[in-house]
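What follows is a set of notes on a single structure, which appears directly below.
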Amino acid sequence: MNLRRIGISLIAPGIGLIVSLAATAVILTVIGASVSTVFASMWNYGTSPRAMSLMLNLATIYFLSALAVSIGFKMNLFNIGVNGQYVLGALAGAVVASNLTLPKTASVTVTIIVAMFVGAVWAGISAWLKVARGVSEVISTIMLNFIAIGIISYIIVRTSIGTETSLNIRGTKPIPETGMLRGSAFIDSGTPIYGFFFISIIIGVGYWFLLNRTRFGFDLRATGKSATAARTSGVQSNRMIYVTMLLSGAVAGLVGLPYLLGDTGSYTLQFPTDWGFIGIAIALLGRNNPLGIALGAILWAFLDISSGQLVLEGVPREISTIMQGLIVIVVVISYEVVRRYQVKSEQTNVAKALAKQEASV
Amino acid sequence: MTYLKSRRFIGAAFTAITMLSITRTITGNGDLTSTVTIAQALVFASPIALAGLAGIWAERAGVINIGLEGMMILGTFGAGWAGWQWGVWAGVLAGVIFGAIGGLLLAVAAVTFGVDQIIAGTAINLLALGLTKFLAILLFTNAPGGGQAQSPPIKGEIPTFTFNSLVEPLSSLHEKGIFFVSDFAGILAGLFYNMSLLTIITFLLFAITSYLLWKTAFGLRLRSAGENPWAADSLGVKVVQFKYAAVVFSGMLAGLGGAYLSIASTIYRNGNTAGRGYIGLATMIFGDWRPGGTAAGAMMFGYIDTLRLIDTGNQNVKGLILLGAVILFAIGALMLRRARRNSAIGFLLLGSVMIGAYFSATSFPPEVAQVAPYITTLLVLATASQNLRPPAADGIPYRKGDHH
Amino acid sequence: GSSGETAESAEPTAPTSSVKVGMAYDQDGKGDGSFNDAAFAGLSKAQTELGVEIKEVNSGSSATDATREELLTLLADGGYNPVIAVGFAYSTALAAVAPKYPETTFAIVDSVVDSANVGSLVFAAEQGSYLTGVIAATASKSGVIGFIGGMEIDLIKAFEAGYIEGAKSVNPDIKIESKYMGAAGDNTAWNVPEKAKTATDGMIANGADVVYAAAGGSGLGMFQSVKAAADGGATVWAIGVDSDQYTVPALAEYKDIILTSMLKRVDVAVFDVIKAVVDGAPLVGVQNFDLSKDGVGYATSNSAVSEFAAAADAAAEKIKSGEVVVGTTVQ
Amino acid sequence: MSQSSLAVELNGIWKRFPGVIANSDINLKVASGTVHAIVGENGAGKSTLMKILYGMQKADEGTISINGTDLVFNSPSDAIDAGIGMVHQHFMLADNFTVLENIVLGSEPKNGMRLDFTKARKQISDIAAENGLAIDPDILVSELGVGDRQRIEILKVLYRGAKILILDEPTAVLVPHEVDELFNTLRDLKKEGLTVIFISHKLDEVLSIADEITVIRQGTTVGSVNPHTQTVSARDLAEMMVGNELPTPEAVGDTIQDEVVLKVENLSVFAKGGKAIVDDISFQIRAGEIVGIAGVEGNGQAEILDALMGIESATGRVQFKDEDITNKSTRHRRELGIGFIPEDRHRQALMLDAPLWENRMLGHQTRTPNANGIWLTPRSAKADTKRIVAEYDVRTPSIDVLASALSGGNQQKLIVGREMSGEPKLLIAAHPTRGVDVGAQAAIWDHIRNARQAGLAVLLVSADLDELIGLSDNIKVLLRGKFVADADPATVTPQELGTAMTGAGEAA
Ligand SMILES: Nc1ncnc2c1ncn2[C@@H]1O[C@H](COP(=O)(O)OP(=O)(O)OP(=O)(O)O)[C@@H](O)[C@H]1O
Ligand SMILES: Nc1ncnc2c1ncn2[C@@H]1O[C@H](COP(=O)(O)OP(=O)(O)OP(=O)(O)O)[C@@H](O)[C@H]1O
Ligand SMILES: [Mg+2]
Ligand SMILES: [Mg+2]
């Protein structure tokens, strides 16, 4: 039974992958590139130690972002605002960390707490708007993303928090080495794997436990499956919205930290601002399941990283963006088709099994 | 009904002009109601308004369209490409067609396969972004004047109209600085100054939408798909067909909005929608899923953007702050009269804060104006959400015969 | 990855060289009609004149320091030498990569990376802008001129500062209107010509008759606005930036209103870097491309500018001699 | 009447859904100009048959002939064209539309492209006047009550010129005088030559209005009776429906203890507009006592239950044992030992796409065997689910199947088993045996009785009057949100109770 379920749950991503590979092959043929060479070189490069290290690092970021999104998705809350939450969280973390003179563990812990807190507060605004004022979180989080960008540039450009970190780059003052969490280089000797890689594994496991092994997780899933039934079962929906949104925002607050503490050491205006949207895509691919999300994040990162090699081959790197887009759309459609098929076949199976039982009695 | 509506419209316009006029008088800043400001605001507002209108079509038929951004991106690309190849009108057409393809994709995913509409829309946004970037590289890199992130210039121009016989006297009346009268004149003149044919088309599309959706049998059926598709089905309305039509048309409108953008900049550039699809969606909610309110919301975005950009001596943002305060006070007073004390106090307090800011600072950083429309949207939704009336079956996947 | 990609190698008739040049653009890469294209111009000049083999890559829209680092590494590993990073965004990445490839020469545009094998190509944009400021103030009849900036960052503010200082050196009472298309961090700032058009419209409505834009892709809007005003009978001028925009094919229709352009000779710098490697004497250390090195300047391809050239050239001399020191921040 | 021509003739209709055969070989003849009733248990296949006749669903096999012509319906439009109209069991109205818009939708009068509102308004008021169905066409449906909505549904059908009218349980939601009005309308329509097909569970009503009654059992027609020519009682019909003697829950000895478990004082629930749906009611239940609420659906039962569970906000005071729980959360109430079987199992009691064992935790997720502190204990929850499946005879191959795969009756058994777990002190139950087959019904009754013996207090809402009388120690009759009468189950008959429920007793 369970093997069958796992098998079924792999059908949709499988279809997504195949369709997008096929479509990519067509595109490559049209632009006159050799399909086998391109795929082979993507694969060869993508599985080289250095690329794998980079991939895991990027996947760490994507994983956290997708996890933040999926906490909301689990109860049908669409937190489109991970972007705004993580940029503000990372900025706050950078400001605090650069002013701390604590031992590493303490400094990193404080940074994490601050970033999570800020992310949660920003998400909390949407929760309040939804509960108290009935504003859809989809719209409010989008608006708050735009507002967050405005706040960031105000702080970095117009307050003393922003300094010129290197010629022509403005950002927060560099974080001292004691505040960084660079990680260790165990796959490729030159490229450390972010310390956050391990933290995010812990968070992923924690997420799974929270959802599947705690009362809170049950309440959350129940609300997602049937808000009315959950309410009848004693779940307070308003409180759930607050808690879930705050939790989602707190995890979102972490999204920028692997890069901040593992790489840049400063929140600059070069800091990427669209990891939240990537998180949405990966949460969809991974069906809000931490293992699925991890695989999705690695796939996404693989396409991102190996496309760097493609440019050298004269193939536009954006081919990977198309693959990603196609995978997402095909996968969401196939998930739905598979789900329906599953429900139907289960109903039929149950009826059949019962008919047999009755006959044998 | 019509009589009531037009009276409400006139009332709203009157109030808006009065508040603008008060602000203009206190600040002495003629830009606030000048002809150029209004004419420009219309240009900025139009693509957003088209996106909002696109949202109305889809959501009135019960399909949430968060893929507007993606369809708009497709539109900007289509217009840039075809406009470069065959001229500006081909660009308009291609923008519409590309948008329609995005709409069709949403319809297939959300209507036929019943995928969660927000998820399907998000996926379309991702796909559109990747696809256009890729195609830009393929098609534009070696074209003269193009590059991997932008198309060569679009050939030809959309005609624009200025009714000088109207604009000149009105503009000079505007210069006189008479309370209300001058402001009204400036605003009115803005509607006849440098009006692009595409803006006129946008106006027409709003009028046509109001008529089609609310005055015809076609519109009633389309809206029934968003209110209670099961009831509609039971009366023989072809719900799925209507949903398809609405979502594809929604894609066309969003594509047109994208084309408008590309044509206004004479080229396609990666990223030049700058989130306007999402903003369009917000104006639609802001406008209670109706054309009038949506247009007003889009105009607010266009107006604030314009004031920020044509700012002389950093006074316009200040003016906006005061305008905000005036509006908050007006709402506060209204609430007081309706005996909603808590809300009233909130508004009056916020208004006072803004007045304080206005008088204590000599100028404001541009970030204030940058975020103002988003904050305004949130404020409007926070105060009005309870009174908004989204289509009852908006966002609910419809399958024939699934209803209990 | 050694699949025979020779599509972009030099033409048979041109001189050939064994030097392979790797060029890394940021984000979406060339095609912006100014900065990145100027770098490309230097590269293609080297390709035709020196016969070098070239390879161009771009970092993509959600690039991080790590992925930029990887791009540079791939180029260095692929035997490309020199490797040129276009844009200050590469500074951190380059600082990490360069020491690992001591045999390779690197260069970076608009930033300083402190490593023995890196040439840091910085430009005195404020000096060039000073000259356009002088030209603008001399050409202006109304005593009002305008400046359109892209993203409000220090790099662009230096353009504004030089422009203002130059203009004031001619006419201390001149009124200068400045507008940025987006705040720092707002990546759309370079892609909104329609906003630049509005801003320019506003400036012209307020009397400005010369406008200078340093706004990447948004600069197009300034040309449109000025052209529209000129078509309406006004005497107004636009000043371009980075490349000589008078000669850019995509801007051909705006030719007659482009008085001059502030030249930021990224093309020269890039060519110099490549040539130095070909010649076996790599350019490393901070290379300040200022007026005295002809790294910045103003374009004279529109003959209309000759009327104001005297004033500009005089100012240039003063800067070269050190009599005038142009600041990089707006006073 | 038997000579008159046939308006509708259905032959050999089959309809299969995954796991169920809704219609198996149905044959139905409806004479034109008559009111023809169809009765049958929940799930017998009545609505399915009518949807087939109305073109909303396609039969797998069988033929439809209307006025003697064989027709194939691919969509409701085809049926509408054939002069058939249907008023659905669940109203099919768009709340945000006006009455007019709801009525003309799909067959709008047009003036060019424009919807001709003036013409529509006139047509509607003409039809309304002819049939005594007065209503303001420009009002929003969301502002109307059930009676008006029903009228709109009928107007919708008449507006389309239907000659054959299908009414699926039209009276379920109506108060008695509205039922009378409806029947008057139907009689008028019959006089004008219309044919009415009428579905109802209220057999007395059926007997009073129908010219012919067809009984459906488990998807098949089991017979027809003509109440004008044959003497049939409601009980006869019921036995035809069920197929054997009706089991009657017998009242067994008095188990009422002294302790008051639930005390309700002045409970009121208000609708959005401020109208009281539950109007100042007070009552109490002792340990070991079952208090039944009798009433026509829609008179405030659901609201009372929701208010007692803390799901709906209410005024008044609710006391559980010694604790004032008026302002306590639903969860707190559940943890005190209040079990709840809601009316709408799909919406309120189940997560359809979760496995049975997770459904077993629902509502009990804070207590053993499902949780220990903040941690869930899936292993013991699964073990306990198996217990429920065995004890309550839930027919399922495994506890890992999704709840949606079970038949409604089996879903109900799981819910009852769940709510009876953990030794509740008070059970609040709506229709605990609805949709449950006869054998399981008896088992559920036994479970409830045994628990009562052990001191369980029960508040029972049921549409099944025999169940109510058989189980309750005390019956209260609810009408328009108020208790209008008390009945002693030892002496009251279903007929008397029915009369009281409809308010007919008020006058007496
Ligand atoms: N769309 C469907 N898919 C699967 N099963 C269905 C569907 N519609 C009805 N059924 C099943 O078919 C059977 C007949 O249902 P139907 O609604 O016709 O019963 P009914 O006689 O109208 O019952 P009630 O008196 O409760 O209204 C039931 O078992 C029901 O669950
Ligand atoms: N509208 C619907 N859509 C899909 N499936 C439905 C629908 N209505 C009922 N079903 C399914 O039809 C089957 C029969 O449901 P129903 O409630 O009629 O059971 P039942 O015949 O009363 O069961 P029992 O034999 O226990 O009395 C179940 O599998 C149920 O899930
Ligand atoms: Mg039914
Ligand atoms: Mg049943």
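Every chain is numbered from 1 and lettered A, B, ... according to where its sequence line falls, protein lines coming before strand lines.
The OG1 atom of Thr163(A) sits 10.0 Å away from the CG atom of Asp154(C) when rounded to the nearest 0.5 Å. Atom CG of Leu312(A) and atom CG of Asp77(C) lie 10.0 Å apart (nearest 0.5 Å). Summarising the geometry, atom CG belonging to Leu94(C) is positioned 11.0 Å from atom OG belonging to Ser166(A); distances are rounded to the nearest 0.5 Å. To the nearest 0.5 Å, the span separating CD1 on Ile169(A) from CG on Asp110(C) amounts to 10.5 Å.
Listed here is the closest heavy atom pair of Trp275(A) and Thr64(C): CZ2-CG2, 3.4 Å. Between Leu71(C) and Gly308(A), the shortest heavy-atom distance links the atoms CD2-O, 3.9 Å. Taking every heavy atom of both residues into account, Ala89(C) and Gln270(A) meet most closely at CB-OE1, 3.4 Å.
With a 4.5 angstrom heavy-atom cutoff, Ala63(C) touches chain A only via backbone atoms. For Ile61(A), no part lies under 4.5 angstrom from a heavy atom of chain C. Heavy-atom distances place no part of Asn44(A) under 4.5 Å from chain C, backbone and side chain included. Heavy atoms closer than 4.5 Å to chain C are found nowhere in Ile152(A), neither backbone nor side chain. Interface remark: Ser111(C) contributes backbone and side-chain atoms alike to the contact with chain A (heavy atom separation under 4.5 Å). Within the 4.5 angstrom heavy-atom criterion, only side-chain atoms of Val122(C), from C-beta onward, approach chain A.
With a 6.0 Å radius and a threshold of 12 heavy atoms from other residues, nucleotides or ligands, Glu177(A) has its CD atom above the threshold. For Asn288(C), the CG atom counts as densely surrounded, since its 6.0 Å shell holds more than 12 non-hydrogen atoms of other residues, nucleotides or ligands.
Per-residue counts of heavy-atom pairs under 4.5 Å with chain C were compared for Glu164(A), Arg50(A), Arg170(A); the largest is that of Arg50(A). Contact count against chain A (heavy-atom pairs under 4.5 Å) is highest for Asn58(C) among Asn58(C), Val112(C), Ile153(C). Comparing Leu75(C), Ile156(C), Asp26(C), Thr73(C) by heavy-atom pairs within less than 4.5 Å of chain A, the highest count is held by Thr73(C). If you tally non-hydrogen atom pairs under 4.5 Å between each of Thr92(C), Val57(C), Leu74(C) and chain A, the highest count goes to Leu74(C).
Under the 4.0 Å criterion applied to side-chain N and carboxylate O atoms, Glu152(C) and Arg158(A) are assigned as salt-bridge partners.
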